[in-house]
Structures are given as C-alpha cells and as structure tokens.
Amino acid sequence: MDSLLYDLPALTIRSVSVSEMDNNVYLLTAKASGGQLLIDAADDLPAIQQLLADGAGDTGAQAHLTLIATTHQHWDHVRALKELVAATGARTAAGADDADALPVPVDVRLGHGDKVAVDGVELTAVHLRGHTPGSIAFVYQDPEGPAHIFSGDSLFPGGVGNTQKDPERFNQLLSDVTERLFGTYPDTAVVHPGHGKPTTLGAERPHLEEWRARGW
C-alpha cells in the first residue's frame with residue numbers, strides 16, 4: 001500500500017499503520033534538504049524503515065532522519081522508539097511532562113507553543129492535557145495550504161481521547177482541544193490521529209458541545 005498521504009510544496013507526508021493497535025506512524029520529508037522527521041515510532045521497526053526508504057524517494061537530496069517526535073508516553077506509541085534511535089542516531093522530542101516515561105532519553109522537552117525544526121520542516125507543539133499529562137499535538141503549517149495536525153490520541157474523528165472516565169481529565173482535554181486546536185486553527189486543518197483515519201477540524205467542530213454533554 002502506498003504510504004504517501006500528501007505531496008506538499010516543501011515536503012511530503014507519509015504514514016504507515018503498525019501493530020495490532022493500528023498505530024499510525026507519520027513521516028515528514030523535506031524535499032530540498034532531505035531532512036526527515038518521524039512522529040511516533042510505535043512498533044514494527046522494519047515497517048518504519050520501509051517508510052523511511054519510501055520518504056527518501058521524495059527528495060533529490062540525501063535523506064536523513066534527524067528527529068523522532070513522540071506524541072505521548074503510552075506503550076503502544078513507543079515500542080520501536082529505542083530500536084529506531086539505536087539504528088539511526090536521531091534525536092528525540094516529547095512533551096516535558098511525559099518525557100521521563102519514555103524508553104529513551106529525550107533530547108528536546110516540549111512545552112505549549114514550542115517549535116521543533118528539522119532542515120526546513122518546522123512543527124509547533126500544542127500541549128493537550130488529559131489523555132496523558134504531557135500529550136503533544138504537532139502542527140505543520142503549510143504556507144500554501146491547510147495546517148496538518150498530528151494529534152496523537154488527543155483528538156479523533158468523533159471525539160477526544162480516552163480519559164478513563166475521569167471527569168476532571170475529560171474536561172481538561174476537551175477544553176484544551178477546544179481552545180488550542182479548534183480555537184486556533186481553521187476548519188480546513190487536517191487532523192492526523194494516532195489511530196485510524198484522518199479528519200478535519202471542520203468535520204468535527206459541530207460536535208464539540210455534543211462531546212461535552214456526553215462526557216467522553
């Protein structure tokens with residue numbers, strides 16, 4: 001199956017689904033520099049290495065994985081992280097409040113609004129508290145098109161992430177998603193979740209009050 005999701009002016013976005021949990025691994029490859037940034041080394045190192053090879057074909061430069069960004073600490077999103085770091089020497093980034101729970105040292109600890117940049121690819125970290133304390137959505141703002149939001153397990157088609165029926169965590173997550181995603185980015189923004197199919201903020205926005213009323 002072709003891993004190419006979007007062929008944008010400055011970069012490509014590719015994805016592969018791995019493991020019995022249907023985890024999405026995303027790869028951004030800068031066309032001019034060959035710099036690659038991978039989001040969530042969830043599982044299946046060979047599948048991730050094939051994804052990197054596919055991305056290498058998107059640039060005329062020498063492709064190189066420079067940064068592995070992790071959306072949150074849950075085990076199903078980090079099972080190949082240690083192996084991938086060992087194989088590539090790439091630096092790591094994660095939310096500051098989740099970093100100590102990861103299986104590798106985290107080079108870049110991110111707070112809300114921080115930027116991560118790799119050879120022409122710049123992402124903005126959006127801290128979304130609730131699914132885990134340090135969950136981060138990574139946003140790429142295409143200068144010629146919609147924003148791309150890599151939301152981890154904080155926002156899916158049909159609702160926010162699992163908060164274990166904890167009303168305080170649910171309200172925190174929904175408030176952060178409402179303010180920091182829906183209140184900041186337009187309806188055209190594409191949401192790439194940690195599992196399953198993509199959606200847009202426009203498709204989900206009409207349901208925010210419905211989610212709040214149902215409590216999950």
Side-chain angles (χ1 to χ4, degrees), residues 21 23-26 37-42 67-79 81 91-117 122-141 147-187 189-196 198-216:
M21 302 285 287
N23 288 84
N24 291 324
V25 181
Y26 296 102
L37 187 153
L38 186 130
I39 298 173
D40 283 353
L67 186 70
I68 306 165
T70 300
T71 59
H72 65 292
Q73 63 174 274
H74 283 161
W75 66 277
D76 59 310
H77 290 260
V78 300
R79 283 183 281 182
L81 181 56
R91 287 165 55 81
T92 58
D97 294 333
D98 275 13
D100 289 341
L102 267 57
V104 297
V106 173
D107 299 304
V108 183
R109 293 173 177 247
L110 298 167
H112 182 61
D114 287 348
K115 309 282 188 183
V116 288
E122 183 178 86
L123 302 180
T124 300
V126 180
H127 187 193
L128 303 171
R129 299 157 291 188
H131 182 65
T132 66
S135 285
I136 295 287
F138 294 95
V139 182
Y140 171 68
Q141 182 59 67
H148 291 265
I149 301 170
F150 301 90
S151 59
D153 285 1
S154 291
L155 177 62
F156 295 98
V160 296
N162 189 355
T163 51
Q164 278 75 46
K165 300 182 179 178
D166 182 327
E168 185 174 341
R169 285 173 58 195
F170 169 75
N171 286 326
Q172 179 68 76
L173 179 55
L174 185 57
S175 294
D176 276 2
V177 164
T178 300
E179 173 190 342
R180 296 179 174 185
L181 294 181
F182 288 94
T184 302
Y185 298 97
D187 284 352
V190 181
V191 178
H192 303 280
H195 308 262
T199 184
T200 64
L201 290 185
E204 307 304 322
R205 192 184 300 274
H207 305 291
L208 285 169
E209 289 310 311
E210 170 192 330
W211 301 348
R212 189 173 292 281
R214 76 187 184 192
W216 56 275

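Source: prediction; values computed, not measured. For reference, positions follow the sequence shown, starting with 1.
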Problem set entry | Distance, nearest 0.5 Å, that separates CG of N171 from OG1 of T178 | 10.0 Å
Exercise. Can you list every salt bridge (charged side-chain N to carboxylate O under 4.0 Å, His left out) pair that touches residues 92-101, not counting sequence neighbours?
Worked result: D100-R109
For this session: Starting from the C-alpha separation in whole Å, work towards a yes-or-no answer on side-chain contact (heavy atoms from CB on, under 4.5 Å) for I149 and L201.
Result: CA-CA 9 Å; I149 301 170; L201 290 185; 3.9 Å; yes
For this session: Provide the full list of salt bridge (charged side-chain N to carboxylate O under 4.0 Å, His left out) pairs with a residue in residues 200-209, sequence neighbours left out, each pair given once.
Result: D187-R205
Problem set entry | Within 6.0 angstrom of E210 CD, more than 12 heavy atoms from elsewhere | yes
Exercise. Can you check side-chain contact (heavy atoms from CB on, under 4.5 Å) on R180 and R129, steps first, answer last?
Worked result: CA-CA 11 Å; R180 296 179 174 185; R129 299 157 291 188; 3.3 Å; yes
Exercise. Under the side chain to side chain contact (heavy atoms under 4.5 Å, CB included) test, which residues partner E179, sequence neighbours left out?
Worked result: none
Problem set entry | Partner residues of Q164 under the side chain to side chain contact (heavy atoms under 4.5 Å, CB included) criterion, sequence neighbours left out | N162, R169
Problem set entry | Closest non-hydrogen atom pair between V191 and S151, with its separation | CG1-OG, 3.5 Å
Problem set entry | Validation row: I39, L123 side chains within 4.5 angstrom (heavy atoms) | yes
Exercise. Are side-chain heavy atoms of F138 and L37 found at a separation under 4.5 Å?
Worked result: no
Exercise. Does some side-chain heavy atom of P157 sit less than 4.5 Å from a side-chain heavy atom of H207?
Worked result: no
Exercise. For D40, which residues count as a side chain to side chain contact (heavy atoms under 4.5 Å, CB included) partner, sequence neighbours excluded?
Worked result: T70, T71, H77
For this session: Taking side chain to side chain donor-acceptor pair (under 3.5 Å) as the test, write out the residues that go with D107, two or more places apart.
Result: T92
Exercise. Looking only at heavy atoms, which two atoms of R212 and S175 are closest? And how far apart?
Worked result: NH2-OG, 3.7 Å
Problem set entry | salt bridge (charged side-chain N to carboxylate O under 4.0 Å, His left out) partners of residues 132-141, not counting sequence neighbours, each pair once | none
For this session: Output yes when a side-chain donor or acceptor of H127 lies under 3.5 Å from a complementary backbone atom of P133, and no otherwise.
Result: yes
Problem set entry | Straight-line distance of R79 CZ to L81 CG, nearest 0.5 Å | 12.5 Å
For this session: Please round to the nearest 0.5 Å and tell me the distance separating atom CE of M21 and atom CG of D76.
Result: 4.0 Å
Seminar exercise, completed: Of all heavy-atom pairs linking Q141 and A147, the shortest is OE1-CB, 3.5 Å
For this session: With sequence neighbours left out, write down each residue that passes ring-ring contact (aromatic ring centres under 6.0 Å, His included) with H74, or none if nothing qualifies.
Result: H72, H131
Exercise. Any side-chain heavy atom of F182 within less than 4.5 Å of one from V177?
Worked result: yes
For this session: Search all heavy atoms of A101 against all heavy atoms of Q73 and return the closest pair with its distance.
Result: CB-OE1, 3.4 Å
For this session: Could you give me the CA-CA distance, side-chain angles and deciding distance for V116 and E122, then say whether side-chain contact (heavy atoms from CB on, under 4.5 Å) is met?
Result: CA-CA 6 Å; V116 288; E122 183 178 86; over 6 Å; no
Exercise. Is there a side-chain contact between L128 and L181, using heavy atoms and a 4.5 Å cut-off?
Worked result: yes
Exercise. If you take all heavy atoms of D153 and G194, which pair is closest and at what distance?
Worked result: OD1-CA, 3.7 Å
For this session: Looking only at non-hydrogen atoms, find the nearest pair between P198 and P193 and report the distance.
Result: CA-CD, 3.8 Å
For this session: Please work out which of the three classes, parallel, tilted or perpendicular, describes the rings of H195 and F156, given edges at 30° and 60°.
Result: tilted
For this session: Return the set of residues passing side chain to side chain donor-acceptor pair (under 3.5 Å) with K115 (not counting sequence neighbours), or none when no residue passes.
Result: T124
Problem set entry | Donor-acceptor under 3.5 Å (D166 side chain, T163 main chain) | no
For this session: For P186, check side chain to side chain contact (heavy atoms under 4.5 Å, CB included) against everything at least two apart and list the hits.
Result: T188
Seminar exercise, completed: Hits for side chain to side chain donor-acceptor pair (under 3.5 Å) against S154, two or more places apart or cross-chain, chain-then-number order -> none
Problem set entry | All side chain to side chain donor-acceptor pair (under 3.5 Å) counterparts of N24, not counting sequence neighbours | Y26
Problem set entry | More than 12 heavy atoms from other groups under 6.0 Å of CH2 on W75 | yes
